[in-house]
Amino acid sequence: MRPNIDISHTLNGRVKDYAEQQDVSLEEAYREIIQAGLEAVEHPDES
């Protein structure tokens, strides 16, 4: 599953690689990555 936004094929490939490494679906991989990104921008000092 690729979100209906302009994502380069290279970036989409990286998400596919992550999904395979984590043994999760592509949809779950996108969900995890988006959630982690949101947490990082909402709480930048907690790293």
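Of all the heavy atoms in Ala29 and Ala19, the pair that sits closest is CB-CB, 3.6 Å.
Taking a cutoff of 4.0 Å between a charged side-chain nitrogen and a carboxylate oxygen, Glu27 and Arg31 qualify as a salt bridge.
Residues satisfying the side-chain contact (heavy atoms from CB on, under 4.5 Å) test with Glu32, not counting sequence neighbours, are Tyr18, Val24, Glu28. For the side chain to side chain donor-acceptor pair (under 3.5 Å) test, residues two or more places apart in sequence or in another chain that qualify with Gln35 are Glu39.
With rounding to the nearest 0.5 angstrom, the CG atom of Asn12 is 10.0 Å from the CG atom of Asp17.
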